[in-house]
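Here's the structure, in structure tokens; my notes come after.
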2 protein chains.
Amino acid sequence: MKLSQDIVTIDGIDKEILRDLMQDARKPILEIARKIGISGAAIHQRLRKLESSGLIAGSKFVINPKKLGYATMAFIGIYLDKAMRNPEAVKQLREIPEVLECHYTTGNWSILIKILCKDNEHLMNVLNHKVQSIEGVSRTETFISLNQQIDRQISL
Amino acid sequence: MKLSQDIVTIDGIDKEILRDLMQDARKPILEIARKIGISGAAIHQRLRKLESSGLIAGSKFVINPKKLGYATMAFIGIYLDKAMRNPEAVKQLREIPEVLECHYTTGNWSILIKILCKDNEHLMNVLNHKVQSIEGVSRTETFISLNQQIDRQISL
DNA sequence: GGTGAAATTTACGGGGC
DNA sequence: GCCCCGTAAATTTCACC
């Protein structure tokens with residue numbers, strides 16, 4: 001088991017395996033094996049090593065939120081009164097299911113969040129009744145994503 | 001086959017299946033079946049329906065970028081000279097592998113991107129030599145993510 | 001690291017209810 | 001919409017090189 005701070009080195013075969021699975025997590029290992037030209041067992045043990053190294057964080061089904069009526073994504077920059085209140089504010093942000101990401105950031109804001117709502121009215125409700133009511137939040141700046149053109153992971 | 005604009009309605013069993021697979025795309029269907037208490041075939045045909053409805057967009061292996069030395073995430077607001085140049089600018093942003101997301105946004109900027117680099121120096125290089133050199137980009141504002149506290153999908 | 005084969009478990013599809 | 005069942009395929013582990 002590698003230590004958490006270690007950097008993992010991978011070769012071309014690892015990259016090929018990961019590229020395939022990053023695109024489709026349920027792609028059969030044997031199919032990848034046939035394509036690359038090594039045995040399924042070899043890929044299996046490479047994956048086990050990559051998992052235990054921590055490079056593979058997991059796998060996810062990806063849902064299309066629009067199909068559930070969630071069509072409004074927005075980024076919200078948050079100004080906090082005191083930097084010391086940050087952990088408590090994050091804890092409360094975590095309780096808001098519409099919040100998908102939360103970053104401590106450099107620059108104007110203390111925190112930047114990504115939020116997913118059904119529509120503008122829903123967004124307004126979340127902003128006014130949930131985000132703004134968190135203690136320490138003094139002001140917010142909202143940027144609605146009119147259209148997401150790129151969405152991908154790190155390229156190997 | 002449902003039309004693209006249709007909203008999909010799902011019941012509690014669908015939610016349970018999806019919640020499991022959103023957390024681990026390789027979780028065996030039979031395991032989910034045993035947990036829920038219905039047959040694997042039932043889950044199988046529910047998944048087929050959810051896929052053809054477009055609600056399931058796919059599946060992904062999730063990589064931990066820090067293990068490859070990518071430790072600096074940043075959001076960059078981009079001002080463009082002319083709104084008409086947007087499609088061309090996005091096309092060029094797509095060629096920059098460090099760019100993970102790209103959104104047309106309301107507010108100050110024309111575009112907001114999320115970027116992933118190894119360190120601050122790498123980020124500076126991408127900004128100065130790749131992003132800033134795109135025609136139409138007049139100014140940028142950078143917000144470095146010091147720490148990402150929340151990262152999740154829509155909750156069902 | 002890799003192979004190849006055996007054993008186990010899953011995925012998949014049809015027919016019935 | 002779900003179950004049972006048969007077939008095909010995938011996963012996983014093993015001894016061996």
Side-chain angles (χ1 to χ4, degrees), chain A residues 1-64 67-69 153-154 156, chain B residues 1-64 67-69 153-154 156:
Chain A
M1 180 72 102
K2 302 278 176 45
L3 289 178
S4 171
Q5 68 259 28
D6 284 349
I7 287 188
V8 179
T9 51
I10 58 176
D11 63 11
I13 294 180
D14 288 328
K15 283 187 187 176
E16 205 158 350
I17 298 169
L18 290 173
R19 267 196 293 260
D20 280 340
L21 292 173
M22 284 168 77
Q23 188 192 353
D24 176 8
R26 288 188 85 94
K27 188 167 193 171
I29 290 174
L30 287 178
E31 194 177 317
I32 301 172
R34 285 188 291 264
K35 198 190 68 173
I36 296 182
I38 61 176
S39 71
I43 295 196
H44 190 252
Q45 71 187 326
R46 276 172 179 268
L47 280 173
R48 281 180 53 82
K49 188 181 295 181
L50 290 170
E51 276 171 20
S52 72
S53 77
L55 176 58
I56 295 177
S59 63
K60 292 179 183 170
F61 255 55
V62 182
I63 294 304
N64 181 357
K67 292 290 178 177
L68 295 175
Q153 285 195 75
I154 187 175
L156 298 183
Chain B
M1 178 73 104
K2 302 277 178 46
L3 290 179
S4 170
Q5 68 258 29
D6 284 350
I7 288 189
V8 179
T9 51
I10 58 177
D11 63 11
I13 294 180
D14 288 328
K15 283 187 187 177
E16 205 158 349
I17 298 168
L18 289 173
R19 267 196 294 260
D20 280 340
L21 292 173
M22 285 168 76
Q23 187 193 353
D24 175 9
R26 289 190 83 94
K27 188 165 193 171
I29 289 174
L30 287 178
E31 194 177 317
I32 301 171
R34 284 187 292 265
K35 200 190 68 175
I36 297 182
I38 62 176
S39 72
I43 295 195
H44 191 252
Q45 58 188 326
R46 277 171 178 267
L47 279 173
R48 280 179 51 83
K49 187 181 295 182
L50 289 170
E51 275 171 21
S52 72
S53 77
L55 176 58
I56 295 178
S59 64
K60 292 179 183 171
F61 255 54
V62 183
I63 295 304
N64 182 355
K67 292 290 179 177
L68 295 176
Q153 285 194 75
I154 188 174
L156 299 183

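Because only heavy atoms are used, hydrogens play no part in the values below, and waters and symmetry mates are left out as well, while side chains stay in. Protein chains get the first letters and strands the later ones, always in sequence-line order, with residue 1 at the start of each.
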Where is the tightest heavy-atom contact between [X] and [Y], given as atom of each residue plus distance?
X     : Y      : answer
B:R19 : B:L156 : NH1-O, 2.8 Å
A:S59 : A:A25  : CB-CB, 4.0 Å
B:I29 : A:R26  : CG1-NH2, 3.9 Å

Spell out, as yes or no, whether a donor-acceptor pair under 3.5 Å connects the side chain of B:Q153 to the backbone of A:I63. yes
Residue among A:L47, A:V8, A:L50 satisfying side chain to side chain contact (heavy atoms under 4.5 Å, CB included) with A:D14: A:L50
Atom CZ of A:R48 and atom C1' of D:dT13: how far apart are they, to the nearest Å? 10 Å
Min and max contacting nt of DNA chain C in 5' to 3' order, chain B heavy atoms within under 4.0 angstrom, are C:dT10 to C:dG13
Measuring from atom CD1 of B:I38 to atom CD1 of B:I17, what distance do you get when rounded to the nearest 0.5 angstrom? 5.5 Å
Members of residues 29-47 of chain A that approach DNA chain C, where some heavy atom sits under 4.0 Å away: A:I38, A:S39, A:A41, A:A42, A:Q45, A:R46
Heavy atoms from other residues, nucleotides or ligands near CZ of B:R48 exceed 12 (cutoff 6.0 Å): no
Counting only heavy atoms not in B:E51, do more than 12 sit closer than 6.0 Å to its CD atom? yes
